[in-house]
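Take a look at the structure below.
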Amino acid sequence: MGADGDELAADIDLFALAQMIADNAGGMVSIEDAQSHVLAYSASDSTADELRVRSILGREGPGEYLALLRQWGVFDRLRDTDEVVDVPAHDELNIKRRLVIGIRRPADARARTPRMLGAIWLQQGARPFDPDAAEILRGAAAIVGRLISRKLDAPTTEALLTRRLFGAGAAVDAAAVANALHLPSAGPAAVIGFAPTAGEPAPGAEPAALGGVLRLRASSFRGDSVTTAIGDRVYVLLPGYRSAQAVTAWTRQLIEQLEAQRSLSLRAAIACPVPDLGGVAAARAEVDRVLDRTAASPASRVTTLAEARTAVLLGEVLDLVGARAELRDPRLGALFDYDRKHSASLRDSVETYLREHGDVRAAAAALCVHPNTLRYRLRRVEDILGMDLDDHADRLLLEIQLALHRRPPPPGASG
C-alpha cells in the first residue's frame, strides 16, 4: 500500500480493499463513513464480536456502542490525529480490541484542509495483529480517502450533460440533452448566472455549496429548473420561461433573502428569453460578459446585457486596448511623472474636467479650486501631452487612456 497507491485506488473497490487490509494487517476490517454507516467490510469468522456483527447487519454502528465509543473519546481522537488509535478490548461488553484510523479527504485545491470522511476499523480475531498493522492502516486510509473523494467529486452523467448544455466541455445535441433531462427542447427559456460579490468574504459561497442552495431555491420556483456550477459561478436554466420581469423579480428577491438569511453577498446577470435549449451556451456567454464587466453596486446586483451594455462594451473595448501595447498612449507617462515630481494634481484635474463634460466652472467647484487655477492646470496638461482639449478626438482618446489606467490590475499581476 505504498508507491502504487493512486493506481490501486483507481482499480479496486472498497470491499476488495477491505479484504486486502484484513489479509495484510490480520483481523477483520470495516470501512465506515463519517456518520458510522458501513461502506464495506472484509470476511468475518467466528471471532467477530457483537459490535461488528450488528454493525454489518444493520449497515451502521449500534447506537449504544457508538455512545460508548464517544464516551471513551475514540471519535475525538480520530478527529484530532492522523495516527492509528488503539481501542482496548472490553470483555464485559463483548468488545474485542480494535485499531482504528480516520479517513480524510486529501488536502488539495478543492479542500484546503483535510476533511473527515470516515474511519477504518480493524477488529482483532483469533490471532494478534500483524506487527506492521498500524502502517498498513495508515496506507489504507490514504487510499480510501482518495477513493471516496473521487466518488464524491466525480460528476454524474446528468451533471456532465448539464455542464455541456451550458457550453462547458464538448458540444452536445440540445434535443438529446432535453430528452435525457426530461426538459422541453422548444420554446423560450431564461438563463441566470450568479457570482459572489467582488471583494466580499463569502463563507458558504464555494461553488458546490452555493450550487446546492441555488438548486433548492430554483427548484421551488420552477420544478424543471436545471442548475450547475462552472468555475466560481453558478448558472440556473429556467426552461419554458419568457417573462423577464418575473425572472428578474425572483432573482432579486432570492439575492436579498440569501444576504439576509445566510450573509451571502451575490450578484446576478440574466439572459431572457433564450429561444430554445440550443441557445443556452450562448446565453451563458452573455451573462458572463455582464458579470465580468458590471460593478458590484446595489444598482447592478441583478442586471441584463441590455441594461449593462455600455459598461460591458466599454470594458471589452478597454480589454482590447490594454492587450495591445501599441494602442496604449505613452504620453500619459509624462503627465503622471509630472504629478509625482511636482506633487501636482494634473491628472485629477483633467479627469474631473472630462467628467464634467468640459464645464470649467463645474469641474473647478468639484475640485474646490478657482476656475482660473483649473484653466492653468489644463493648459499644462495640453503642453505636456501635446493635445488640444477642445478637440473631440483628443478628448475621446484621453478619456479611453485614462479609463484604462483607472482599471485595477488583473489578479496575480505584479507591480
Side-chain angles (χ1 to χ4, degrees), residues 1-62 65-66 68-69 72 74-75 77-91 93-107 114-154:
M1 307 231 179
D4 295 329
D6 283 323
E7 291 79 4
L8 177 62
D11 296 335
I12 196 168
D13 65 24
L14 286 180
F15 280 88
L17 185 55
Q19 189 61 52
M20 185 180 296
I21 300 167
D23 292 342
N24 283 271
M28 289 165 278
V29 170
S30 63
I31 301 174
E32 300 180 1
D33 67 13
Q35 289 73 45
S36 298
H37 299 141
V38 177
L39 302 175
Y41 50 88
S42 66
S44 296
D45 60 29
S46 60
T47 61
D49 62 15
E50 185 178 1
L51 173 55
R52 176 174 176 81
V53 172
R54 290 181 60 186
S55 295
I56 291 175
L57 290 176
R59 304 297 292 180
E60 63 181 346
Y65 284 107
L66 295 179
L68 284 173
L69 293 171
W72 297 337
V74 175
F75 291 118
R77 291 165 67 190
L78 286 176
R79 279 191 295 269
D80 295 341
T81 180
D82 293 331
E83 293 304 310
V84 174
V85 176
D86 194 329
V87 184
H90 290 266
D91 294 334
L93 299 172
N94 191 25
I95 295 179
K96 301 286 183 68
R97 180 188 175 201
R98 278 170 170 75
L99 298 181
V100 56
I101 188 169
I103 304 167
R104 287 173 168 77
R105 178 190 284 272
R115 181 167 65 84
M116 194 73 175
L117 298 175
I120 302 174
W121 297 81
L122 178 67
Q123 184 216 304
Q124 186 170 309
R127 61 184 176 85
F129 295 126
D130 286 5
D132 59 352
E135 183 179 350
I136 295 294
L137 284 178
R138 279 192 288 270
I143 294 173
V144 175
R146 289 193 289 272
L147 267 174
I148 296 176
S149 295
R150 287 171 185 171
K151 288 184 178 180
L152 290 173
D153 297 336

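Considering all non-hydrogen atoms of both residues, Gly102 and Met116 come closest at CA-CE, 3.7 Å. When every heavy atom of Ala134 is checked against every heavy atom of Val84, the shortest pair comes out as O-CG2, 3.6 Å. When all heavy atoms of Arg127 and Asp130 are compared, the pair lying nearest together is NH1-OD1, 2.8 Å. Here the shortest heavy-atom pairing between Leu99 and Arg97 reads CD2-NH2, 4.0 Å. Taking both residues in full, the closest heavy atoms of Ala119 and Leu78 are given as CB-CD1, 4.1 Å, listed atom of the first, atom of the second, then distance. Of all non-hydrogen atoms in Leu93 and Tyr65, the two that sit nearest each other are O-OH, 3.6 Å.
The distance from atom CZ of Arg146 to atom CZ of Arg104, rounded to the nearest 0.5 Å, is 15.0 Å. Summarising the geometry, atom CD1 belonging to Ile136 is positioned 11.5 Å from atom CD1 belonging to Ile101; distances are rounded to the nearest 0.5 Å. Note: Ile148 CD1 to Ile143 CD1 = 12.0 Å, rounded to the nearest 0.5 Å. Here the CG-CG distance, from Asp13 to Leu39, works out to 12.0 Å after rounding to the nearest 0.5 Å. Distance check, rounded to the nearest 0.5 Å: CG of Leu122 to CG of Asn24 gives 11.0 Å. In this structure, CD on Glu50 lies 9.5 Å from OG on Ser55, to the nearest 0.5 angstrom.
Side-chain contact between Glu60 and Ser36 is absent, with no heavy atoms from C-beta onward closer than 4.5 Å.
Side-chain atoms of Gln124 never come within 3.5 Å of backbone atoms of Lys96 as a donor-acceptor pair (strictly under, hydrogens ignored). Checking side-chain atoms of Asp49 against main-chain N and O of Arg52 turns up a donor-acceptor pair under 3.5 Å. Using modelled atom types, no side-chain atom of Arg98 and backbone atom of Val85 make a donor-acceptor pair closer than 3.5 Å. With hydrogens and angles disregarded, no donor-acceptor distance shorter than 3.5 Å links the side chain of Gln123 to the backbone of Ser44. Between the side chain of Thr81 and the backbone N or O of Arg77 there is no donor-acceptor pair closer than 3.5 Å.
Using cut-offs of 30° and 60° on the angle between ring planes, the pair His90 and Trp72 is parallel.
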Show your reasoning for whether side chain to side chain contact (heavy atoms under 4.5 Å, CB included) applies to Phe129 and Asp86. CA-CA 11 Å; Phe129 295 126; Asp86 194 329; 5.8 Å; no
Run Leu117 and Ser149 through side chain to side chain contact (heavy atoms under 4.5 Å, CB included) and show every step you take. CA-CA 8 Å; Leu117 298 175; Ser149 295; 3.6 Å; yes
